[in-house]
2 protein chains.
Amino acid sequence: MATNHAPLHKVFGALSDPTRLAVVEQLVQGPASVSHLSQPFGMARPTFLKHLQVLENAGIVTSEKAGRVRTVTLSPNALDWVDTWVRQHRKRWERRLNDLGTILEKEINR
Amino acid sequence: MATNHAPLHKVFGALSDPTRLAVVEQLVQGPASVSHLSQPFGMARPTFLKHLQVLENAGIVTSEKAGRVRTVTLSPNALDWVDTWVRQHRKRWERRLNDLGTILEKEINR
DNA sequence: GCATTAGGTAGTCAAATGGCTACCAATCAT
DNA sequence: ATGATTGGTAGCCATTTGACTACCTAATGC
């Protein structure tokens, strides 16, 4: 664990584009070649390649080339970070809301 | 539940900037005025306001103005979406990795 | 009632983003 | 050996983004 993370905002940035989000969707079903991944998007290769670079750059994806085929894989702990952050903040915020609720109740029943 | 969500990529987009991320960090500790929020960032007002708009636009934050003060609040279920998405994908991917692991073991012990 | 404070508009600008075409390079199949 | 396939570069372009200054408006405090 504790792999070198891209800063969180960069990870979010990588996920902030529909194409890239869809690529991740696809990749949870297993690794795939660049051309296979790019198929569903009617998009010039270079454009698609840039999207992949963004994902890789954010640590969400890794890739390896064998022969002329590059295979792209979801990084094992790619989403852990995001998960951790989100859950922490959700939790803190919900707790706060609860506390407020309690306070209000007391106030009302006073 | 099932509030009108901004599309997920938009939510991610809103979280893809350090300033905005920091604002969310701050807001889990409770609602705050615009000026109070903006304090830590040495940033012109209009710039900061735009960041807030992005957050609001993505449904992460709401705000109300009373008198001359606008109070910004984290939306109750702001992060639920993100959480759901992330966990789902993490889970699917991890399961897949496990399955692969099992397959490899079998292969090795064959 | 006048100055201060909190928020907000309008308009400008540089850099980043997301897209394209044109072309190149390596590998695989025949 | 050569043609098709896969990936990749270089360079261009429009739009969006994140920042700024200058200015305006409406509440508040005294």
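Being a predicted model, the structure only gives us computed values, none of them experimental. A, B, ... follow the sequence lines: proteins, then strands. Residue 1 opens every chain.
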Spacing between [X] atom [atom1] and [N] atom [atom2], to the nearest angstrom:
X: A:F48; N: D:dG7; atom1: CZ; atom2: P; value: 10 Å
X: A:K65; N: C:dT27; atom1: NZ; atom2: C1'; value: 9 Å
X: A:H9; N: D:dT17; atom1: NE2; atom2: P; value: 17 Å
X: A:K50; N: D:dA10; atom1: NZ; atom2: P; value: 12 Å
X: B:L15; N: D:dG18; atom1: CG; atom2: P; value: 12 Å
X: B:Q39; N: C:dA6; atom1: CD; atom2: P; value: 10 Å
X: B:L37; N: C:dG8; atom1: CG; atom2: C1'; value: 16 Å
X: A:E56; N: D:dG7; atom1: CD; atom2: C1'; value: 13 Å

Would one find a side-chain N or O of [X] under 4.0 angstrom from OP1 or OP2 of [N]?
X: A:S35; N: D:dG7; result: yes
X: B:R45; N: D:dC20; result: no
X: A:R68; N: D:dA4; result: no
X: B:H51; N: D:dA19; result: yes
X: B:T47; N: D:dC20; result: yes
X: A:R70; N: D:dG8; result: yes

Item to check | Test side-chain hydrogen bond (donor to acceptor under 3.5 Å, both in side chains) applied to A:H36 and A:Q26, step by step | outcome: CA-CA 10 Å; A:H36 178 251; A:Q26 176 62 41; 4.7 Å; no
Checklist entry - More 5' along DNA chain D: B:D17 or A:H36, using each one's nearest nucleotide? => result A:H36
Item to check | Linked, directly or transitively: B:V69 and B:F48 (ILVMFWY side chains, under 4.5 Å) | outcome: no
Item to check | Contact nearer the 5' end of DNA chain C, comparing B:T71 with A:A44 | outcome: B:T71
Item to check | Earlier contact from the 5' end, DNA chain C, for B:L52 and A:M43 | outcome: B:L52
Checklist entry - Hey, which of A:K91, A:R90, A:R96 is the one that makes salt bridge (Lys or Arg N to Asp or Glu O under 4.0 Å) with A:E94? => result A:R90
Checklist entry - In terms of side-chain heavy atoms of A:P46, which of C:dA22, C:dG7, D:dA22 is nearest? => result C:dA22
Item to check | Proximity to the side chain of B:V69 - top-ranked nucleotide from C:dA6, D:dT9, D:dC20 | outcome: C:dA6
Next on the checklist: If you compare all heavy atoms of B:L27 against all heavy atoms of B:A32, which two are closest, and at what distance to 0.1 Å?
Outcome noted: CD2-N, 4.0 Å
Checklist entry - Tell me, do A:S33 and A:R70 make a side-chain contact under 4.5 Å, heavy atoms counted? => result no
